[in-house]
Amino acid sequence: VISIPVRLRTCSYEVLVGKGVAARLSDLLPSGTKKVAVVTQEGIDFEIDPGVQKERFVVPPGESAKSLSSVEELCRAFARWGLARTDTVVAVGGGVVTDVAGFCAAVYLRGVRYVNVPTTLLAQVDAAIGGKTGVNIEEGKNLVGAFWQPAAVLCDTDALSTLPEREWASGRGEMAKCAFLGKLLRLAEPNSSWSQGDPDTAGSSRSVDSGWWGGDSLEEKIARCVAIKVAAVTSDEREDGVRALLNYGHTLAHALEAADLQSGSSDLRHGEAVAVGIAFAARLARRLGRIDDEKVAYHDEVIESFGFDVPVKLSPGTSSGALVEFMARDKKARHDLTFVLDGPEGVEVVSGVPVDEVVATLSEMGCPR
Ligand SMILES: NC(=O)c1ccc[n+]([C@@H]2O[C@H](COP(=O)([O-])OP(=O)(O)OC[C@H]3O[C@@H](n4cnc5c(N)ncnc54)[C@H](O)[C@@H]3O)[C@@H](O)[C@H]2O)c1
């Protein structure tokens, strides 16, 4: 079992990664918990035993479950069941479940404690870590939410045994992002609590496979991503600075997801969108003269090593106009188009990117105007 401590100004907790770690739930439940509200989805057959009275609350599948109406339904169901302020919500599921359950925990009775038991690769490496919770509204993804830290996160690799291949691929999209950030930001070089292997191999163009996807055990790879996120969250809990860099590839990714949601298809997976967003961010950075062809090729190489087809093409179904509109609404945008981009000084937040350059880059990737 690998333990990654999260030490924040306001609280401290552990992220445990490994086979069977969900069995530690009863030890890690916040003191005073008499009831546990388990928020989950149909089809997630991962049993947990909190050692106290529990009740299952099911949210519908898909991104559309991240809605204010789900929050209302859950909070009303918690109230009918008598969930008290000293009790605990436990999210058992992917990022949709951890986001919506975490937000309910943040607002129900003005805040109850919660524990994340993420059951997708994407949620284990990213969504369940860091205390960002929230839901979507029609105007965009994650526009309503709260920073609310869990009391513990249990990344049990046994939970992944039933995960469909497409969800594995989605998790690998976020892992690819971590591969960049580990190298480009020099964040969270493995520390003594979990380090194994040579940290310098992380994200380097020669050893992407061995350092990030091919070599280490699954547990170590997950822990490596968790440590990167924890390092960013610890230094910047409310996303004023370095934490924003975790959104590498996400400005376009969120726009693609919003367009997908609006079209009613809801088929695009988050990590798939992130892989496209990273390829786009590299090309936009090149167009703005921040990086050269070699660096773009390095981005493609990393994305490919995580199992994605390159060159990445945008689906012709969405217009660049619609995507730009969603991107301008992204909550990281401060009144103009803002992206996290690679450059001579490494990855940084770049504001005021001209719309023409964005549209030209989208069309370079096959997106009609
Ligand atoms: N809060 C954050 O910091 C953060 C970070 C990244 C992503 N997110 C959010 O996470 C969400 C995506 O999460 P996701 O990719 O986990 O998708 P998801 O939660 O929709 O899960 C994908 C599908 O897999 C199913 N599933 C989950 N665990 C399973 C298992 N063990 N076996 C079989 N099926 C299983 C789910 O029921 C669902 O149908 C997005 O809404 C995204 O915005 C949040």
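Counting begins at 1 with the first residue of the sequence. Order of listing sets the numbers, starting from 1, for every ligand and every atom in it.
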Engineer: If the cut-off is 4.0 Å to any non-hydrogen atom of H270, which atoms of ligand 1 fall inside it?
Structural biologist: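 In order of number, 6 (C), 7 (C).
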
Engineer: If you have a sec, work out which protein heavy atom is nearest atom 43 (O) of ligand 1 and how many Å separate them, to one decimal?
Structural biologist: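 Atom 43 (O) of ligand 1 sits closest to the protein heavy atom K141 NZ, 2.6 Å.
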
Engineer: In Å and rounded to the nearest 0.5 Å, what is the CZ to CH2 distance from R113 to W148?
Structural biologist: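 Atom-to-atom, R113:CZ and W148:CH2 are 10.0 Å apart.
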
Engineer: Looking at F78, F103, F57, which one forms a ring pair (Phe, Tyr, Trp, His ring centres under 6.0 Å) with Y108?
Structural biologist: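 Option passing the ring pair (Phe, Tyr, Trp, His ring centres under 6.0 Å) with Y108: F78.
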
Engineer: Under 3.5 Å between any N/O of P61 and any N/O of ligand 1: does that happen in this structure?
Structural biologist: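 No; every N/O pair is 3.5 Å or more apart.
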
Engineer: Any heavy atom of L160 sitting closer than 4.0 Å to ligand 1?
Structural biologist: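 No; L160 lies far enough from ligand 1 that no heavy-atom distance drops under 4.0 Å.
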
Engineer: Quick one: does ligand 1 sit under 4.0 Å from the side chain of T119, the backbone, both or neither, non-hydrogen atoms only?
Structural biologist: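 Near ligand 1, T119 shows its backbone as well as its side chain.
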
Engineer: Would you say the side-chain atoms of S320 pair up with the backbone N or O of C367, donor to acceptor, closer than 3.5 Å?
Structural biologist: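 No: the side chain of S320 does not pair with the backbone of C367.
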
Engineer: Has ligand 1 got any nitrogen or oxygen that is less than 3.5 angstrom from a nitrogen or oxygen of A159?
Structural biologist: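 Yes; the residue has a nitrogen or oxygen that sits under 3.5 Å from a nitrogen or oxygen of the ligand.
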
Engineer: Counting heavy atoms only, which of N142, T120, T40 comes nearest to atom 21 (O) of ligand 1?
Structural biologist: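 When every heavy atom of N142, T120, T40 is considered, T120 comes closest to atom 21 (O) of ligand 1.
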
Engineer: Taking heavy atoms and a distance under 4.0 Å, where does L122 meet ligand 1: side chain, backbone, both or neither?
Structural biologist: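 The answer is the side chain of L122.
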
Engineer: Which atoms of ligand 1 sit under 4.0 Å from any heavy atom of E167?
Structural biologist: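 Answer, ordered by atom number: 22 (C), 23 (C), 24 (O).
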
Engineer: For a salt bridge (charged side-chain N to carboxylate O under 4.0 Å, His left out) check, start with the C-alpha distance between D260 and R269, then their side-chain angles and the critical distance, and finish with the verdict.
Structural biologist: CA-CA 10 Å; D260 184 55; R269 310 300 310 129; over 6 Å; no

Engineer: Is there a donor-acceptor contact under 3.5 Å from the side chain of R283 to the main chain of T361?
Structural biologist: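 Such a contact is absent between R283 side chain and T361 backbone.
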
Engineer: Do H250 and H270 come within less than 4.5 Å of each other through their side chains, counting heavy atoms only?
Structural biologist: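 The answer is yes, as the side chains (C-beta and beyond) meet within the 4.5 Å cut-off.
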
Engineer: Look up atom 5 (C) of ligand 1 and tell me if a protein heavy atom lies less than 4.0 Å from it?
Structural biologist: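 Within 4.0 Å: yes, protein heavy atom nearby.
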
Engineer: How far is atom 3 (O) of ligand 1 from the closest protein heavy atom, and which atom is that?
Structural biologist: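 In this structure, atom 3 (O) of ligand 1 has K229 NZ, 3.1 Å as its nearest protein heavy atom.
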
Engineer: Would you find a donor on one side and an acceptor on the other, under 3.5 Å apart, between the side chain of S305 and the backbone of V302?
Structural biologist: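 Present.
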
Engineer: So, E42 side chain and P60 main chain: donor-acceptor pair closer than 3.5 Å or not?
Structural biologist: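 No.
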
Engineer: Could you walk me through whether E325 and R329 pass salt bridge (charged side-chain N to carboxylate O under 4.0 Å, His left out), step by step?
Structural biologist: CA-CA 7 Å; E325 204 170 301; R329 230 182 258 159; 3.5 Å; yes

Engineer: Can you report which non-hydrogen protein atom sits closest to atom 22 (C) of ligand 1, along with the distance?
Structural biologist: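 Sorting protein heavy atoms by distance from atom 22 (C) of ligand 1 puts R269 NH2, 3.2 Å first.
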
Engineer: Mind running salt bridge (charged side-chain N to carboxylate O under 4.0 Å, His left out) on E174 and K177 for me, showing each step along the way?
Structural biologist: CA-CA 5 Å; E174 283 289 359; K177 179 200 77 181; 3.1 Å; yes

Engineer: With salt bridge (charged side-chain N to carboxylate O under 4.0 Å, His left out) as the test, would you mind laying out the steps for D293 and R286 before giving the verdict?
Structural biologist: CA-CA 7 Å; D293 290 346; R286 176 174 60 189; 3.2 Å; yes

Engineer: Need the ligand 1 atom indices (1-based, order shown) with element for anything under 4.0 Å from a heavy-atom of D126.
Structural biologist: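 The atoms of ligand 1 under 4.0 Å from a heavy atom of D126 are 5 (C), 6 (C).
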
Engineer: Below 3.5 angstrom, do we get any N/O pair linking K132 and ligand 1?
Structural biologist: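 Yes, K132 has an N/O under 3.5 Å of an N/O on ligand 1.
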
Engineer: Please state which protein non-hydrogen atom is closest to atom 39 (O) of ligand 1 and give its distance, to 0.1 Å?
Structural biologist: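 For atom 39 (O) of ligand 1, the nearest protein heavy atom comes out as Q41 OE1, 4.3 Å.
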
Engineer: Relative to ligand 1, is E257 under 4.0 angstrom through side chain, backbone, both or neither, heavy atoms considered?
Structural biologist: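 None of E257 does.
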
Engineer: Ignoring hydrogens, just give me the one of D156, D99, V274 whose non-hydrogen atom is nearest atom 1 (N) of ligand 1.
Structural biologist: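 Nearest option to atom 1 (N) of ligand 1, by heavy atoms: D99.
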
Engineer: Identify the protein heavy atom lying closest to atom 32 (N) of ligand 1, giving its residue, its atom name and the separation to 0.1 Å.
Structural biologist: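 Protein heavy atom with the smallest distance to atom 32 (N) of ligand 1: T162 OG1, 2.7 Å.
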
Engineer: Return yes if a side-chain donor-acceptor contact under 3.5 Å exists between E219 and T157, otherwise no.
Structural biologist: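 Result is no, nothing qualifies.
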
Engineer: If you have a sec, work out which protein heavy atom is nearest atom 34 (N) of ligand 1 and how many Å separate them, to one decimal?
Structural biologist: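 Protein heavy atom at minimum distance: P164 CD, 3.9 Å.
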
Engineer: Can you pull out the closest protein heavy atom to atom 40 (C) of ligand 1? Residue, atom name and distance to 0.1 Å, please.
Structural biologist: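 Checked against all protein heavy atoms, atom 40 (C) of ligand 1 sits closest to E63 OE1, 3.4 Å.
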
Engineer: Please write down residue, atom name and distance for the protein heavy atom closest to atom 14 (P) of ligand 1.
Structural biologist: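 Looking at atom 14 (P) of ligand 1, the protein heavy atom closest to it is G95 N, 3.5 Å.
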
Engineer: Counting only N and O atoms by type, is there a donor-acceptor contact under 3.5 Å from the side chain of R85 to the main-chain atoms of L109?
Structural biologist: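 Answer holds: yes.
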
Engineer: Which ligand 1 atoms does G94 reach within 4.0 Å, using its non-hydrogen atoms?
Structural biologist: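 Listed by number with element: 16 (O), 19 (O).
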
